[in-house]
Structures are given as C-alpha cells and as structure tokens.
Amino acid sequence: MGSPVSSTRAVPRRTDAAPGRPLLEVRDLRVEYRTSYGLTNAVNGLSYSVNRGETLAILGESGSGKSVAARAVLGIIESPPGYVTGGEVLFDDVDLLTLSRKELRRIRGERIAIIFQDALTALNPVFTVGFQIAEMFRVHRGLSHADASTRAAELLDRVRIPNARNRIGDYPHQFSGGMRQRVMIAMAIALEPDLLIADEPTTALDVTVQAQIMALLAELRHDLGMGLVLITHDLGVVAEVADHAVVMYAGRGIEYGSIAEVYDGPAHPYTRALMRSIPRADQKGGRLEAIDGSPPNLSAIPAGCEFHPRCPLAEDMCATDRPDAVEVAPGRRAACHFGAEVVRGER
Ligand code: SF4
C-alpha cells in the first residue's frame with residue numbers, strides 16, 4: 001500500500017448540492033463527423049449514468065463509438081470534422097455541452113480526468129515524469145517547485161512505483177509499459193477528480209499487468225470516492241471491478257445493466273454473442289464462438305436494427321424497425337425487439 005497523499009482540492013464540489021443525483025448523466029448523446037468522404041454517425045444515442053464510488057464499464061468492439069463518446073463528454077472532439085449534434089452531458093446537473101471552452105478546461109483539469117490507452121504518447125518524452133506530475137501542482141495549486149516535487153513523489157508511491165522518490169528524475173522511456181500507465185494514473189488523480197475516465201487503460205499490457213492496473217484503479221476509486229468509467233473492448237478485464245455496464249454497437253448503447261447481469265444473462269443477442277466469444281475461468285469445456293460478419297460501417301449503418309445482418313435471431317421486422325433501448329427486466333434495458341424473451345432465456 002502506498003502512502004497517503006495530502007489533499008490538493010481547491011475547486012468547490014457541487015455534488016453535495018445535488019443529493020441523490022448521479023455524478024454524471026449522459027442522455028441520448030449524438031456525435032457525427034462531416035468529411036469530404038461523407039457523414040459518419042459515430043455516436044447515435046448513448047445514455048448512461050455514474051454515481052460517486054461506482055464503476056461503469058462501456059463495452060464494445062473497436063469502432064463502436066466508445067472513445068468518441070468519451071471525448072464528447074470531455075469536450076475534446078476535434079471540430080471540424082466532429083460535431084456533437086444532440087444530447088446532454090450532465091455533470092453535477094450542469095450540462096457540459098453548454099459550457100465555454102474555458103469553463104470546460106477548468107472542469108477537465110480539476111474534476112474530471114482521463115487516462116488514454118497509450119501512455120508513451122500521452123507523456124512528454126523530453127520531461128521527467130516527476131516534472132510532468134509536479135507541473136499539475138504548480139499550475140493548478142500554485143505550489144513551489146520543492147513542494148510540487150514532494151507531492152509528485154508521494155503520488156508515484158501511491159500508485160506503487162517502487163523506489164518512487166528516486167524515480168521522479170526518470171524519463172517516460174525508462175519505465176515499462178505497466179509503470180508508465182501507473183504514471184498516467186498518478187497524473188490523472190493528482191487533483192483528486194470526482195470522475196475518472198479510463199479509455200482502454202490496459203490494451204498494450206500483458207495479462208498480469210492488466211489485472212494489477214485494474215485493481216489499482218478500483219482501489220483508487222474506492223479511496224478517493226470517485227466515479228470511474230472504464231472503456232474497453234476487452235471484456236475479460238472489467239468483470240471483477242465494474243458495477244454496471246453499457247454495451248455499444250454501431251455508436252449506440254444497446255444494452256444496460258449490472259455487470260453480473262450483462263455477463264451472465266445478456267438481454268441483447270449481440271451481447272450474448274460477445275460473451276460467448278470470451279474465455280471464462282468459470283466455464284470448463286465448450287467452444288468459443290465468433291460473431292459472424294463485421295461491425296457496420298458507421299457511414300452506412302443498416303436500416304432497422306443495426307445488428308440484424310449478423311443476428312441469429314433476426315426476423316423480418318428487424319430489417320425495417322429500429323428498436324429503442326427499453327426496459328426488458330427490472331433495472332435492465334436492451335435495444336432488441338425480443339429483449340424480454342432473450343433475457344428470460346426463451347430465445
Ligand atoms: Fe436481433 Fe432483431 Fe433483436 Fe436486432 S431486434 S438484436 S436483429 S432479434
């Protein structure tokens with residue numbers, strides 16, 4: 001266990017002013033890209049909420065819109081060509097989509113942090129990791145060089161970088177992939193955000209290190225009382241740490257539920273196919289199944305249910321009628337005409 005980190009909070013929290021409300025509530029988010037090649041509907045209706053101290057997993061194959069949606073929440077979509085065309089992003093009941101760039105920048109630094117998948121490119125190669133972490137404290141908290149360096153060493157210790165005090169003078173390339181990701185996590189939690197978004201935080205790491213990083217994120221979420229959003233295409237890494245899950249397909253949230261329900265009793269045929277495609281320690285024997293076909297091109301999403309060309313349960317109506325994500329069981333939502341039957345195991 002690393003040493004405790006002194007509190008660095010300077011921006012007042014509004015959460016206490018809105019008891020019972022989610023920390024983050026995303027409603028029907030829509031993002032499109034307009035390029036010379038045409039229109040790409042990257043996010044076509046994504047809704048979810050996260051409370052303090054909770055972890056939400058956003059699951060889906062590459063290209064399903066997960067990362068674009070996260071960037072839209074943070075207001076870091078490159079525009080042009082990307083545009084948020086609809087929805088609300090309520091953070092402590094304030095719609096982030098209505099804020100100025102300056103207001104958003106302040107919230108991003110202080111209250112919402114993000115970890116990207118590639119720590120090597122996210123860190124500046126020409127500055128030591130200690131300098132880069134200390135910079136957060138100098139810029140945002142006005143600490144002296146010496147105090148900021150002390151805080152940086154505390155944070156490296158907190159994320160379990162061995163011999164932290166002696167490593168603040170090392171450069172990013174002198175750390176392993178797993179240790180670099182720990183440095184990124186240290187930077188992300190430096191200002192004690194209310195919400196941490198981790199976008200594929202373990203993609204480039206081996207399985208053992210993945211588990212360590214996930215355990216560290218879960219521990220920090222608990223200790224700091226943050227909300228945590230974990231975005232991943234790797235279903236295996238989040239099962240142990242997430243409370244709830246959203247499954248995305250073709251830019252849309254197509255299933256919502258607790259992580260146990262989504263993993264053990266999917267309500268959408270796509271989720272079911274995804275779950276059958278991953279190895280599970282609690283299931284012996286049997287074959288892993290591949291999902292037929294490919295995810296749709298987001299510039300040409302099929303009419304009707306976007307999954308119908310690949311769906312083994314598709315019926316005629318699926319090719320013409322797009323199902324909304326509706327409640328199919330208590331606390332469960334799925335965008336499938338037969339979701340209630342699928343979740344009961346009748347299809
Ligand atoms: Fe399959 Fe039809 Fe359900 Fe879509 S609506 S997932 S095509 S059964």
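Whatever order the structure lists them in is the order used to number ligands and atoms, beginning at 1. Side chains are part of it too, since the values below use all heavy atoms of this structure and drop only hydrogens, waters and symmetry mates. For reference, positions follow the sequence shown, starting with 1.
No donor-acceptor contact under 3.5 angstrom links the side chains of E61 and S64, judged on distance only.
A salt bridge links R332 with E255: the distance from a Lys NZ or Arg NE/NH1/NH2 to an Asp or Glu carboxylate oxygen falls below 4.0 Å. Classification of E135 and R138 as a salt-bridged pair holds, one side-chain N sitting under 4.0 Å from a carboxylate O.
Applying the 6.0 Å contact sphere to CD of E327 captures more than 12 heavy atoms from other residues, nucleotides or ligands.
Relative orientation of the F307 and Y270 rings is perpendicular, given thresholds of 30° and 60° on the angle between their planes.
Taking 2.8 Å as the limit, the number of protein N, O or S atoms around atom 4 (Fe) of ligand 1 is 1.
For the pair R34 and Y83, the cation sits on the ring face: its NZ or CZ lies under 6.0 Å from the ring centre, inside 45° of the axis.
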